[in-house]
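As structure tokens, the structure follows; a few thoughts come after it.
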Number of protein chains: 2
Amino acid sequence: MQRTERLFALAEYLRGRRTGVTAETLAERFGVTVRTIYRDLDTLRAASMPVAAERGRGGGYALDRSYSLPPVNFTAREAALLVALGRFAIDMRLLPFTGTLESALDKVRAALSTSAQRELLDRLKELSFLGVPSLPSKASVRAAIERAWFEQQPLRITYVDGNFLETTREVRIVSVVMDRHETRLDALDVRSGERRHYRVDRIVQAEVTRAFGT
Amino acid sequence: MQRTERLFALAEYLRGRRTGVTAETLAERFGVTVRTIYRDLDTLRAASMPVAAERGRGGGYALDRSYSLPPVNFTAREAALLVALGRFAIDMRLLPFTGTLESALDKVRAALSTSAQRELLDRLKELSFLGVPSLPSKASVRAAIERAWFEQQPLRITYVDGNFLETTREVRIVSVVMDRHETRLDALDVRSGERRHYRVDRIVQAEVTRAFGT
DNA sequence: TCACGGGTGTCAGCGGTATGTCAGTTATCA
DNA sequence: TGATAACTGACATACCGCTGACACCCGTGA
């Protein structure tokens with residue numbers, strides 16, 4: 001497909017540049033009109049590619065440097081399989097990090113948009129996963145854990161133990177353990193140094209301390 | 001016969017190409033009109049050959065396997081999560097389609113490893129999944145199932161039932177059911193029309209019949 | 001000889017996708 | 001303020017898969 005090729009080349013081209021490029025330049029470079037370039041850039045943005053635009057004199061397009069993973073191009077099957085697996089993981093609460101996973105799946109799904117591939121997404125419904133879902137936990141708690149884990153920041157949690165005693169403590173996550181029925185934090189208590197497991201479903205509140213990046 | 005000869009040549013031609021071909025091009029290539037090409041492609045599809053079509057400008061025909069999508073641009077976190085999830089699915093034998101999944105993960109991992117956030121790959125080891133793996137099955141069987149499922153082709157399986165009786169039959173896969181400990185094929189026996197489940201770990205041999213696509 | 005059916009060509013039309021054209025609007029900077 | 005450049009919407013056009021209808025050719029068998 002001619003267009004897909006150009007999209008990929010466009011992504012590569014933007015990625016390889018440090019300075020901004022005008023749509024005019026891109027149009028000449030790829031042999032299409034400016035309007036098409038705008039549409040292409042819209043498509044890339046729809047696929048969550050971080051293209052930034054500067055208006056006015058000296059402006060142009062550039063990729064946001066902080067998200068500089070090279071683009072991945074899947075085959076339709078690979079993409080479809082990832083969507084199926086991800087959906088399963090979310091349904092079964094396999095991963096506590098549903099937010100990030102969901103956004104990743106959205107991107108993959110967006111790439112699978114043309115007519116021939118919609119049928120493939122339908123066929124995925126024939127892939128059934130069975131199994132016992134893990135215990136539910138609060139979305140806000142999961143989001144905080146996700147951030148703390150990725151950014152390696154301490155976390156303040158309010159925890160209810162087996163005797164229904166509610167305590168608040170600050171911990172550092174050592175690892176996240178996903179078992180069949182529950183997800184646990186293997187964590188170090190900042191104050192006492194004690195290391196133990198905390199069941200995520202028993203954490204009633206969590207917030208990242210030292211909130212740097214929003 | 002002239003027609004069947006062309007049919008096989010057509011299949012061969014499509015297989016050898018990576019980019020799409022328009023019916024117009026195929027018509028010139030084989031010295032027939034476009035209408036005949038459409039009829040031929042219908043015939044190939046009826047024989048379960050995975051020919052995919054893209055409409056509109058820049059469209060054309062291609063085989064399913066060589067289908068490429070618009071680029072997907074993950075953040076490092078998303079990529080890391082997908083890799084972790086995929087590795088888990090493979091380890092736990094969650095999906096029988098390890099071939100396709102593995103190649104998808106390779107692409108994600110490759111994108112991640114060229115980025116500044118490569119260390120995320122190491123940190124993934126702190127994400128532990130626990131659980132009882134499902135019963136093992138032969139890689140060759142899984143590969144055949146994967147192909148049969150994606151291409152919707154019949155499958156000839158040699159199956160060992162609960163009484164250690166070995167039978168060979170041809171089935172059409174209706175759906176694939178992934179349960180906790182086992183993966184089953186929900187399939188229709190081509191000859192008898194009987195519908196039942198087959199445990200993948202009990203299939204000792206499997207091959208795709210009507211092998212157009214290899 | 002004639003009827004029949006499979007394979008093919010011709011044509012018209014439908015629907016979907018990508019691109020171009022054009023006329024604007026908005027934001028930024030010298 | 002004027003130049004620059006990102007954006008938007010509307011419309012036209014070319015491209016392309018897909019379907020149905022009909023006519024034609026040709027081999028086969030009654």
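Naming: A, B, ... by sequence-line order, numbering from 1 per chain.
Relative to the six-membered ring of B:Tyr198, B:Arg196 meets both conditions, a distance below 6.0 Å and an angle of at most 45° to the axis.
Across all strands shown, A:Glu54 has heavy atoms under 4.0 Å from sugar-phosphate atoms exclusively, and none from any base. At the heavy-atom level, A:Val34 lies nowhere under 4.0 Å from the strands shown.
At a cut-off of 3.5 angstrom, counting only N and O atoms as typed in the model, there is no donor on one side facing an acceptor on the other between the side-chain of A:Arg3 and the base of C:dT17. One N or O donor and one acceptor, one from the side chain of A:Arg39 and one from the base of C:dG20, sit under 3.5 Å apart.
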task: Assess whether side chain to side chain donor-acceptor pair (under 3.5 Å) is satisfied between A:Arg3 and A:Thr43, documenting all intermediate values.
output: CA-CA 11 Å; A:Arg3 178 159 186 262; A:Thr43 305; 2.7 Å; yes
query: How far apart are the C-alpha atoms of B:Thr75 and B:Arg77, what are their side-chain angles, what is the distance that settles it, and do they pass the side chain to side chain donor-acceptor pair (under 3.5 Å) test?
result: CA-CA 5 Å; B:Thr75 66; B:Arg77 288 186 191 184; over 6 Å; no
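Taking atom CG of residue A:Leu44 and atom P of nucleotide D:dA6, one finds them 15 Å apart after rounding to whole Å. Rounding to whole angstrom units, CD of residue B:Gln2 and P of D:dG27 are separated by 13 Å. When the P atom of D:dC16 is taken as reference, atom OH of B:Tyr38 falls 9 Å away, rounded to whole Å. Computed from coordinates, the B:Glu28 CD to C:dG9 P distance equals 13 Å when rounded to whole Å. Taking atom OH on A:Tyr61 and atom C1' on D:dA5, their separation rounds to 8 Å, with Å as the unit. Between the C1' atom of D:dG17 and the CD atom of B:Glu24 lies a distance of 12 Å, rounded to the nearest Å. Straight-line distance from the CZ atom of A:Arg35 to the P atom of C:dT21: 13 Å, rounded to whole Å. Between the CZ atom of B:Arg45 and the P atom of D:dG17 there is a distance of 10 Å, given to the nearest Å.
In this structure, B:Gly56 and B:Asp40 both approach DNA chain C, and ranking their closest nucleotides by distance from the 5' end singles out B:Asp40. Projected onto DNA chain C by closest heavy-atom contact, B:Gly31 and A:Val32 fall at different nucleotides, the more 5' of which corresponds to B:Gly31.
Of the candidates C:dG16, C:dT26, C:dT10, C:dT26 carries the atom nearest the A:Arg55 side chain, counting heavy atoms from C-beta on. Counting only heavy atoms from C-beta on, B:Arg57 has its side chain closest to C:dT17 among C:dA30, C:dT17, D:dA6.
Using modelled atom types and a 3.5 Å distance limit, the side chains of A:Gln153 and A:Thr209 yield no donor-acceptor pair. At a cut-off of 3.5 Å, with distance as the only test, no side-chain donor of B:Ser140 or B:Arg142 sits close to an acceptor on the other residue.
The shortest distance between the side-chain N/O atoms of A:Arg6 and the OP1/OP2 oxygens of C:dT19 is below 4.0 Å. For A:Thr36 and C:dG20, the shortest distance from a side-chain N or O to OP1 or OP2 is below 4.0 Å.
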